[in-house]
Each structure stands twice: as C-alpha cells, then as structure tokens.
Amino acid sequence: MREEGLSGEERRKEPSRNGRHGSWARLAAGLLSLALLGAATAPRAPAAGPQSVEVRSARLEEGRAGFALRLELDRMAPFRAYMLADPPRAVLEFPRLEWRAPLPAPRAAGGLARALSAAPAGAGGARLTVALSRPARIVSAGYPEGGGGFELLLRALPGAAPAQPADAPPPAPRPAPPPLVVIDPGHGGADPGAVRGDVLEKDLALAFARELRDALRRDGRVRVAMTRDEDVFLGLRERVRIAAAAGAAAFVSIHVNTVESGDASGASVHTLSESASDEEAAALAAFENRADLPGGDELEGEGDDVARALIDLARRRAQARSRELAEALLRGLGRAAPILPGRAHRFAGFRVLKSPSMASALVELGFMSNPDDLRNLSDPAWRRRAARAMAAALGDWAERRARAPAFAPPPAEARAAAPGYRQ
C-alpha cells in the first residue's frame, strides 16, 4: 500500500486514516475523564470551562435552626462542600471562581450562621467559609434550578450546644446567685409551742416569718424560702433537711420565749454549742428539742473516725458563720425591738441548729410572758418594722459573706462513712 511507502517525514505531514481515528479516540477519552472528575466533585454541576466563573450576588436566608446560602453565578461550576469542627464551620470550594458580590452578613441574633469569609483556594479558585454558632449538617448543596443558582442548605444538629469560635474570648463567668435564706417558723400543727391565754407561739412565729419573707424579697439581696407557710407540723430533722436540700446559706428559726415567773423581756438570738451559755439557754434548748422525735442531726454510735473528724470540722466552721449571722440579726433587731439585756446572744445544743452545711440561728423575738413584748408581737405594724430591720441586716450579712472565703460541707463520702450522721 502507498501508506507503507511513505517516508517518516511524509508520515508526519500526512497521518494515516487509522492514525486520525486514534487521535480522536484519545481526545474523547480525555474529555470523558474530565467530565467524570467534575461529576464526582459536584454531581449536579458539569465541568466549567477554563474561564473564571463570576459570583454576581450572594444571599443568606436565615431561619430558627438553619440557613440557606444562595449564590448567583454566571454559569454552573464544579464545587466541593464539607464541614469542619472545633469550631464548627461550613466550607465551599470552587475552582476558577471570581468573587465580585459582597459577602452577606448574618442578621439573626443567636442564629446558626455567625460570620462569612472568602479566601483564595488553589490556582485561581476560591474558598467560602461560614462560621457557625453550633454544630450542624449539610442538608443539600448544588444547583436546584438547573442553572446558575447555587444553593447550600444547613441545619443545626438536634440538641447541639452553642460553640465558641477558636479566636473568641471565653464567655464571662455568670455571677453567682444571691445566697438563699430559709426561714423556719417554729412549731406548728399539733405542736403549739408556748401558750399564753389564747395566744400560741406557732401563730406568732408564722405571722412574723411571713413578714420577714416579704421584706427580704423587697430588699432583693438574698433569695428566700420557708420551711412551712401554713399551720402544719414538721419535725426538727425535716426542717433542717428542707433547708439543706435547697442549698441554703442561712437557716433562721423564728420563735417566741416565755418564763414562768419574772418580767424578762427583749429579743435574743441563739447559736449552737455543746455546752449552754447559761441555765436558761439550756432549759430553752431542752424545751425546743422536745418538738421532735428522739434522735437528731448529731452523730450517734460508732462511725469512721476520719468521717467524724471531717464532719466535726465542717460543723465548727458552720458555727463560726452562725455567730456572724447571729450578730447581724441582733444588729437588725436592735433597730426596731428591745434586746434582752446582757445576754442577747446565747448558746445551747439546739438540735435544729446542728447542720454542718449552713449558718444557723434561732431567734427569740421576745417574751410572751411580758405584756409589752406580747403587745408588740401581736401588732402587725411592729412586726413589719422589725421584719424590715432584720431583712436589712440579713442583706448586709449576705454582702459581707460574698467577700469572705466560702466553706463547704463535709464531702458526701465522709457523710456516708459515718452511719449515725443524718442531714
């Protein structure tokens, strides 16, 4: 054949018919490979030509738990969309992209999109990064309209907590809530407390406790709760348990005193001590402790020596705080009520004051056996004035407490190791 007689030069100048078919086959195979590469990266977008793709506009449409980013391109282009963590981000990459539109800014406060930024990526490409407020997933990415409109849909993961971006300062610590003061109106229900004619201690204690609660709420420097707000019986251990379970910083038990003879008058405040400050305080503690069943908060029987030591240490610290609380209460009461002369702050083994987890004090507002004190105690206006004075003193105590180093109750493992300990 003539083809076989051609020189090498002639072959180069005039390719054979079979040679032309081979070149076309190789070109078709190359184009098919490029198309398959583009399809693997972005199934809905055909491969772009060598010219840059222009972003004409960009919109961010935000919802409660997600957003849609919509880009208007002059033609479809291959892309890659993926997520990054720590901090969470959504990333879009386009080859040969020319970004001319301004970046949209997130508008929804607390929304999923936090900020958008664009940067070069590869040879002539571009990368768009969306910083997120919390982890999310890509719902869809592509060209839903079959034209130059690109859409990225993201939705926050269910239950995902807000995340801090890596370059953001740590969140400011939340201020501690005001300390909780639990008011304990003494006696109640089948236990009337002291009785003077038709006047019952349980009623006077509850009436004053309600005034004190309202005054503390108006003052606003402490939170307040009550062990009882009606005429019901509560055991001493139950009163302490209620306060401790609520996380009380202070436990204030309200009572009214009485004597069989004499004209004693004035308010007093009692704190815990294993030995009474005087015979009257010891007798009063014995009377108040009869309001409960046998037992109490104290450690009983044999227990782990280390656990007992830890609890005793916590209780001594609580007693020191209790003395500070008692002094504050006496300062407040002294502004509105007569104070028991000479021994206004007294000590005894009151079972209701034995918690190691909080400052505790028992207030005797006056003597039902004294006509002047009884008149004051029965007067709503006097109760209101005295309650306001006590509330102001408790607010001052709370402010001083916030500046002082805190103390903690004994650890749970120490309490568990002491079988006789009951909170």
Side-chain angles (χ1 to χ4, degrees), residues 34-48 52-175 177:
L34 287 175
L36 290 174
L37 176 63
T41 306
R44 298 185 183 181
S52 295
V53 177
E54 180 181 326
V55 181
R56 294 173 174 172
S57 68
R59 303 192 317 277
L60 187 65
E61 299 177 6
E62 300 174 86
R64 295 184 62 183
F67 65 81
L69 175 63
R70 293 187 169 89
L71 308 177
E72 182 187 356
L73 311 178
D74 62 348
R75 61 183 177 279
M76 296 170 67
F79 68 93
R80 193 161 73 101
Y82 55 93
M83 302 295 299
L84 294 175
D86 299 324
R89 288 154 290 166
V91 181
L92 280 175
E93 289 183 353
F94 291 90
R96 300 180 299 278
L97 190 71
E98 185 176 355
W99 193 278
R100 293 187 178 275
L103 285 174
R107 296 182 180 180
L112 179 60
R114 181 172 269 163
L116 283 79
S117 59
R127 177 183 295 115
L128 176 65
T129 302
V130 186
L132 306 175
S133 63
R134 53 196 181 276
R137 65 182 179 88
I138 296 175
V139 176
S140 64
Y143 300 86
E145 299 173 1
F150 178 85
E151 181 181 77
L152 172 68
L153 297 180
L154 255 71
R155 182 167 295 276
L157 296 178
Q164 282 293 116
D167 56 350
R174 293 184 179 181

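Note that the numbering runs from 1 along the sequence shown for the chain.
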- Is Val139 close to Leu154 at the side-chain level, that is, under 4.5 Å between some pair of heavy atoms? no
- Do Leu60 and Val130 come within less than 4.5 Å of each other through their side chains, counting heavy atoms only? no
- Note on the structure: Closest non-hydrogen contact found for Pro104 with Leu69 is CG-CD1, 4.3 Å
- Task: Identify the heavy atoms of Phe94 and Pro78 that sit nearest to each other, and give their distance.
- Result: CD2-O, 3.4 Å
- All heavy atoms of Ala115 vs all of Pro106, minimum pair found to be N-CG, 3.8 Å
- Return the minimal non-hydrogen interatomic distance between Ala68 and Leu153, and the atom names on each side. CB-CD2, 3.2 Å
- Item | OH on Tyr143 to CG on Leu73, rounded to 0.5 Å | 5.0 Å
- Name all residues meeting the ring pair (Phe, Tyr, Trp, His ring centres under 6.0 Å) criterion together with Phe67; count only those two or more places apart in sequence or in a different chain, and write none if there are none. none
- Scanning both residues in full, the closest heavy-atom pair of Val53 with Ala77 reads CG2-CB, 3.7 Å
- Report the distance from atom CG of Leu92 to atom CD1 of Ile138, rounding to the nearest 0.5 Å. 7.5 Å
- Would you please name every residue forming a side chain to side chain contact (heavy atoms under 4.5 Å, CB included) with Thr129, sequence neighbours left out? Arg89, Val91, Ser117, Arg127
- Note on the structure: Taking every heavy atom of Leu112 against every heavy atom of Arg134, the minimum-distance pair comes out as CD1-O, 3.6 Å
- Return the set of residues passing side-chain hydrogen bond (donor to acceptor under 3.5 Å, both in side chains) with Arg56 (not counting sequence neighbours), or none when no residue passes. none
